[in-house]
Amino acid sequence: MPRSDDASPPDHYARLGVQPSASADEIRAAYRQKARETHPDHNPDDPKAAERFQTVKEAYQVLRDPERRASYDRARTTPQVPKVLRITQRAPAGCGGYLWRVFAGLAAVGVFFVLEALGVWAADVWTLALAVGGGALVAGLITALVARRFPDEATDVSFRLDAQRFQMRADGRTVVRLAWDRVDEVGVRNEGQMVMRVDPGAVQGLRPVPPVLTTVNRRGDGAVLRFDLSDTDVPPRVLSSYLRATDPIPAVRGDE
């Protein structure tokens, strides 16, 4: 479940063992029964009896007063929106992103065998230096291309959202930190995809961080960031509710 800085109100009806539709007489009768059952004088060997009696008394003090009960009912039925929403990746990512490291090792071995086949090791020092340097350069360029195609996958990803900014951290470093005034639009889809259209100046140099930040697409009038939140601990509906209820987060689109 998402972590928040807010706590839900206690269930006073459950404490008295009545339904939310209970009448004042039913609440009074339930309180008298619960008070007798939990009173410390009737439970001298129970060290927690006083605490239970106090919770029953607190519930009755709220529900016996029509105005306090009405206010409490509104708080119970109104969705609680946390001030801070934290999202974490549910499971470690796979190791597919490390393919380029394996390729780098194979490329180095390949360069060695090519130089061996050409008999470079017996050549003069300048020919040897040129051959080894050229081979290393080619292998490095190929490895860099493979690394760009298969970037490392982050294994520890977390998000923090509040009324001021959106922040993403991956493997102990901050990847994205955006104030909401740099965000033009946010979209959340049922399958766990979040799309943000942001000021391109706010994400200069940003690259994808799979498997969560899957796309960074820069356009003339803005940049589009795509996040795959399907393996995180917050359902899309919870995220959508938070974004819609929190100012000054911009317009939120969704297909819930």
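Side chains included, hydrogens not; waters and symmetry mates left out as well; all remaining heavy atoms used.
Side-chain contact between Asp162 and Gln167 is absent, with no heavy atoms from C-beta onward closer than 4.5 Å. Looking at Trp180 and Leu243, their side chains come closer than 4.5 Å, going by heavy atoms from C-beta outward. Counting heavy atoms from C-beta on, the side chains of Leu178 and Val198 come closer than 4.5 Å. Using a 4.5 Å heavy-atom cutoff, the side chains of Asp65 and Arg69 are not in contact. At least one side-chain heavy atom of Arg177 sits under 4.5 Å from a side-chain heavy atom of Arg165. At least one side-chain heavy atom of Leu213 sits under 4.5 Å from a side-chain heavy atom of Leu225.
For residues 193-238, every residue pair satisfying the ring pair (Phe, Tyr, Trp, His ring centres under 6.0 Å) rule, not counting sequence neighbours, is listed here: Phe159-Phe227, Phe166-Phe227.
Of the possible donor and acceptor atoms, none in the side chain of Ser71 sits under 3.5 Å from a partner among the backbone N and O of Arg68. No donor-acceptor distance shorter than 3.5 angstrom exists from the side chain of Tyr31 to the backbone of Gln61, with no hydrogens or angles considered.
Side-chain atoms of Gln54 and Glu58 include no donor-acceptor pair closer than 3.5 Å. Donor-acceptor pairing under 3.5 Å is recorded for the side chains of Asp228 and Gln193. Counting only N and O atoms by type, the side chains of Thr174 and Arg169 include a donor and acceptor under 3.5 Å apart. Donor-acceptor pairing under 3.5 Å is lacking for the side chains of Tyr60 and Arg32.
For the side-chain contact (heavy atoms from CB on, under 4.5 Å) test, residues two or more places apart in sequence or in another chain that qualify with Ala245 are Val81.
Checked for salt-bridge contact, Asp233 and Arg86 miss the test: no charged N lies under 4.0 Å from a carboxylate O.
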- [ ] Check the pair Asp171 / Arg173 against salt bridge (charged side-chain N to carboxylate O under 4.0 Å, His left out), numbers first and verdict last.
- [x] CA-CA 6 Å; Asp171 294 336; Arg173 64 186 180 90; over 6 Å; no

